[in-house]
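Heads up, the thing below is written out as structure tokens.
As a basis for the values below, the full set of heavy atoms in this structure was taken, side chains included, without hydrogen atoms, waters or symmetry mates. Counting starts at 1 for both ligands and their atoms, in listed order.
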Amino acid sequence: MTETKSLLDAAAGQSDWIATTLRDLVLIESPSDDKPSVDLAMAFAAGLAAPLGGRIKLHKQKRFGDILELRFGPARSRREPILLLGHLDTVWPLGTLKTMPWREREGRFFGPGVFDMKAGVTMALAAIRALGQVSRPITLLLNSDEEVGSPVSRPITERLALASSAVLVLEPAQGLACKTARKGIADYRLHVTGVAAHSGVDFARGHSAILELARLLQTVAGFTEPRLGRTVNPGVISGGTRSNVVAQDAYAEIDVRIAKAADAARVERLFRGLRCADPHCTLEVTGGLNRPPMERKPGTVALYKRARKLAAELGFDLDEAATGGGSDGNFTAALGIPTLDGLGAVGEGAHATHESVVIDHLVPRTALLAALLASI
Ligand SMILES: [Zn+2]
């Protein structure tokens with residue numbers, strides 16, 4: 001208890017460091033699709049870790065920014081590491097700072113990526129600084145491709161998670177709560193090929209891909225099943241060339257969220273079972289499950305209870321929440337590794353122009369991270 005309280009003082013001592021480091025990190029814009037910029041953000045983070053005794057391993061990438069693996073604590077230990085999981089890529093294109101500058105106003109820090117999740121990464125490093133001497137192995141993994149589905153970091157995340165006793169995910173909190181469940185995400189693409197024709201001269205010869213796709217999307221909309229926590233959203237639709245041409249091609253991109261891993265196979269069957277009503281049209285279905293759901297399993301609940309107790313000692317309530325959004329925690333939880341998510345900043349507006357973090361919560365939650373690292 002007193003030890004936990006002393007971590008609050010130690011974290012408070014990091015408060016200026018957190019503010020300046022977070023500012024510097026936000027000023028390095030780092031959209032997922034711009035490798036040189038993400039590499040710069042990674043180099044900056046590596047530079048912060050070095051004075052803390054962090055051992056740096058860069059997983060080089062061609063298409064995306066390099067992935068940064070940092071190891072703290074004893075190099076040899078019988079104890080399995082705790083994996084701190086974060087990402088430094090953002091959804092914001094280069095130049096966003098012109099319209100969304102870094103600023104402090106009404107007790108908040110604003111800027112692109114500040115909430116999702118440069119604050120979380122800063123807090124993790126500040127927690128390690130607050131601990132001073134780290135007696136147990138800690139791995140901090142910073143991914144470069146999370147906002148585009150983690151195509152290249154996933155195997156690295158999974159390998160490191162399997163070697164760890166627990167995973168603490170530095171994604172933003174949900175309100176004031178951490179996250180013990182996340183939905184899984186599947187992406188499907190429907191491509192209908194019809195028969196093109198002149199809409200005036202040859203109308204009867206045409207078979208419209210657009211009309212066929214519209215019919216199929218009615219069926220797809222029916223796949224939503226609130227009782228199972230399943231939602232199906234056709235978010236992108238496109239097709240045809242001109243209004244006087246019967247459309248030869250049409251496609252749709254569909255986002256599916258599932259609450260239970262067992263639902264993935266049912267969803268897959270539903271999509272693969274789609275058929276065109278017009279025999280002259282053909283349908284190609286591609287895609288599938290991207291992130292498995294993070295279900296509320298006993299290992300995660302135990303981790304949450306510990307975090308809740310430590311938070312109480314630090315003077316705040318920590319609730320748990322479930323969210324429809326995915327993170328890299330989905331991968332580690334699905335492997336059966338106890339995973340607690342949403343341990344980063346409190347704020348609002350992820351992926352939105354009012355993205356911001358509440359300054360007063362940065363220190364207590366940094367202390368919570370430090371307390372978790374010291375006690376798991
Ligand atoms: Zn994120």
Output, in order, the C-alpha distance, side-chain angles, deciding distance and verdict of side-chain contact (heavy atoms from CB on, under 4.5 Å) for M42 and L142.
CA-CA 8 Å; M42 293 294 178; L142 299 180; 4.1 Å; yes

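For the Zn ion (ligand 1), the set of nearby N, O or S atoms under 2.8 Å includes none belonging to E146. Using a cut-off of 2.8 Å, one finds that D116 contributes an N/O/S atom close to the Zn ion (ligand 1).
Of the possible polar contacts, none joining the R365 side chain to the M123 backbone as a donor-acceptor pair under 3.5 Å is found.
Atom NE2 is the N/O/S atom of H87 found closest to the Zn ion (ligand 1).
Cation-pi check for R103 over F109 is not met; the charged atom does not lie both under 6.0 angstrom from the ring centroid and within 45 degrees of its normal.
Cluster annotation: V285 is not connected to V236 through the hydrophobic network of ILVMFWY side chains, with a link wherever side-chain heavy atoms come within less than 4.5 Å.
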